[in-house]
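Take a look at the structure below.
From a predicted model like this one, the values you see are computed outputs, not experimental measurements.
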Amino acid sequence: MSLSSFFLILPALLLIMIVVDLSANFAHTQEDKINSHEVLGVATDLETNLPLIGREVLRDKSLEVVNSGIPLSNSRKGVKEELQVRIDTYCSRCSDQGMLVECIICKVDNSYDPFRVEVKSIINVEKGNLKHHVNLTQNISLTNGSFPICDPLPFLKCRGYGGAILKEKRIYYGSSLANYLKMRGIKNYGAYENATSPLYIKKCPYDPYILHGNTDELINLKNCIDNGYYHESSDGSCFLCRLEGKGVCSHYGMETFIIPSPIVFHCLNNSSIAPSSVDHVIFNDTGNGTYSGHPILYFSGWNQYFYLYLDDSHRQKYGVPVF
């Protein structure tokens, strides 16, 4: 009877064991699924926030240079190290959730687009037996976002010559730019007494650039100047080199106009010359890179006349008739 009872009970015992095992496996599967979502969620958040943190670093480094007047000796290294410090802080907050979260900043360098900075990184997230690993290449925009990024180059070039100042989202040179050009022996440096230029890097929407001159009374050119836009340039310095005080560099960069102060009398003619009103021309102190341009009247009003000095190469680029 005992043996018979055992064999009768055995299937029930086996069934109970199977149910318990299935329940344990189901619970384990559900836990792995939850952990997997958590790991992927943290990795995704990190991937999303890295460019935002990087943009803050670029902004702060630019302000640091603007306020101190001291260039970065190695901007790529400096940005990379500061980004690593801030991303480590971000990762440490995530690690409090019982996960190992790590982001290694491998490289900060130029992007194919001069209005972006490229960041390469490695993200590792682990929880229990689950691991997530990804190699990333991301581009940080210099122009899009909730806060603008300054152009540090004018402050570095004019330091020691009176200095440039900030006013109403523009750079005002006073006598500093004229003094800088005079020191270098540039002719007609006085044309840039009280000149101005953009403070924040903004990409020009008039593309192709010949659209600047393809309107009556040069309205597009005036709008570009009034809004302080920047343009792609194979001769202009990139943002990272601007942080180092380089007016020109070997990278594909950007350029903007430096605007001479308006004059009261319409006294300029085509024979008048002054340094071409493009920042990489004016700030090119590496040799004979600062060359002259002829004046072009792009606006007049209130008994004031507003000029740019442009060489033929830049006149062609921006669709303005050559001299």
Side-chain angles (χ1 to χ4, degrees), residues 65-67 69 71 150-201 218 221-231 235-237 242 245-248 255-312 314-315 318 320 323:
V65 171
V66 168
N67 293 327
C150 300
D151 180 1
L153 182 62
F155 300 92
L156 296 175
K157 290 298 186 182
C158 293
R159 182 192 181 201
Y161 301 98
I165 63 172
L166 310 181
K167 184 180 178 182
E168 298 175 350
K169 300 180 181 181
R170 292 192 69 82
I171 300 171
Y172 285 76
Y173 293 94
S175 296
S176 63
L177 184 56
N179 292 338
Y180 164 77
L181 293 171
K182 180 181 179 181
M183 179 278 301
R184 292 173 46 210
I186 303 299
K187 295 180 179 179
N188 298 330
Y189 58 85
Y192 290 94
E193 189 77 30
N194 296 317
T196 65
S197 67
L199 172 61
Y200 299 120
I201 296 174
L218 300 178
L221 178 60
K222 180 181 182 300
N223 287 340
C224 173
I225 292 171
D226 290 346
N227 285 285
Y229 290 133
Y230 281 69
H231 311 90
D235 297 316
S237 59
R242 286 171 184 262
K246 298 175 181 177
V248 292
E255 67 184 23
T256 192
F257 297 122
I258 294 181
I259 314 304
S261 180
I263 59 177
V264 177
F265 301 104
H266 187 13
C267 59
L268 297 181
N269 53 57
N270 286 339
S271 62
S272 303
I273 61 170
S276 188
S277 302
V278 181
D279 65 343
H280 70 77
V281 176
I282 289 178
F283 291 134
N284 187 344
D285 51 11
T286 61
N288 298 319
T290 302
Y291 42 82
S292 296
H294 293 272
I296 177 168
L297 176 68
Y298 68 89
F299 179 70
S300 63
W302 311 289
N303 200 33
Q304 289 185 316
Y305 298 87
F306 296 78
Y307 290 90
L308 279 184
Y309 292 89
L310 292 179
D311 56 280
D312 280 351
H314 283 98
R315 283 173 177 252
Y318 294 106
V320 177
F323 174 68

field: Validation row: Leu218, Ile296 side chains within 4.5 angstrom (heavy atoms)
entry: yes
task: Would you confirm whether Arg315, through its side chain, and Gly293, through its main-chain N or O, come within 3.5 Å as a donor-acceptor pair?
output: no
field: Parallel, tilted or perpendicular, as decided by the 30° and 60° cut-offs, for the rings of Phe283 and Tyr173
entry: tilted
field: side-chain contact (heavy atoms from CB on, under 4.5 Å) evaluation trace for Phe306 with Ile259
entry: CA-CA 8 Å; Phe306 296 78; Ile259 314 304; 5.5 Å; no
- request: Before giving the answer on side-chain contact (heavy atoms from CB on, under 4.5 Å), spell out for Ile282 and Tyr309 the whole-Å C-alpha distance, their side-chain angles and the decisive distance to 0.1 Å.
  value: CA-CA 11 Å; Ile282 289 178; Tyr309 292 89; over 6 Å; no
- request: Give the intermediate values and the outcome of side-chain contact (heavy atoms from CB on, under 4.5 Å) for residues Val278 and Leu310.
  value: CA-CA 8 Å; Val278 181; Leu310 292 179; 4.2 Å; yes
task: Could you tell me how the ring of His314 sits relative to the ring of His280: parallel (under 30°), tilted (30 to 60°) or perpendicular (over 60°)?
output: tilted
query: When the aromatic ring centroids of Tyr318 and Phe257 are compared, is their separation below 6.0 Å?
result: yes
task: State whether the side chain of Asp312 and the backbone N or O of Phe323 hold a donor-acceptor pair below 3.5 Å, judged by distance alone.
output: yes
- prompt: Backbone N or O of Asn284 within a donor-acceptor pair of the Thr290 side chain at under 3.5 Å?
  reply: yes
- prompt: If you take all heavy atoms of Leu308 and Ile258, which pair is closest and at what distance?
  reply: CD2-O, 4.1 Å
query: Hey, does Arg170 have a side-chain heavy atom less than 4.5 Å from the side chain of Pro198?
result: yes
field: Closest heavy-atom pair and its distance - Ser276, Asp311
entry: OG-OD1, 2.7 Å
task: Under the side-chain contact (heavy atoms from CB on, under 4.5 Å) rule, what do Tyr230 and Asp151 come out as? Steps first, then yes or no, please.
output: CA-CA 10 Å; Tyr230 281 69; Asp151 180 1; 2.7 Å; yes
query: Is there a donor-acceptor contact under 3.5 Å from the side chain of Arg242 to the main chain of Pro152?
result: no
field: Over all atoms of both residues, closest heavy-atom pair of Asn227 and Asn223
entry: ND2-O, 2.7 Å
Short side-chain to backbone donor-acceptor contact, Thr256 and Tyr229, under 3.5 Å: yes
- prompt: Can you name the nearest heavy-atom pair linking Ser300 to Tyr305, along with the distance?
  reply: CB-CD2, 3.6 Å
Where Ile201 and Cys150 come nearest, the two heavy atoms and their spacing: CD1-O, 4.2 Å
query: Hey, is Lys157 close enough to Asp279 for a salt bridge, meaning N to O under 4.0 Å?
result: no
- prompt: Closest heavy-atom contact between Pro275 and Ile186?
  reply: CG-CG2, 3.5 Å
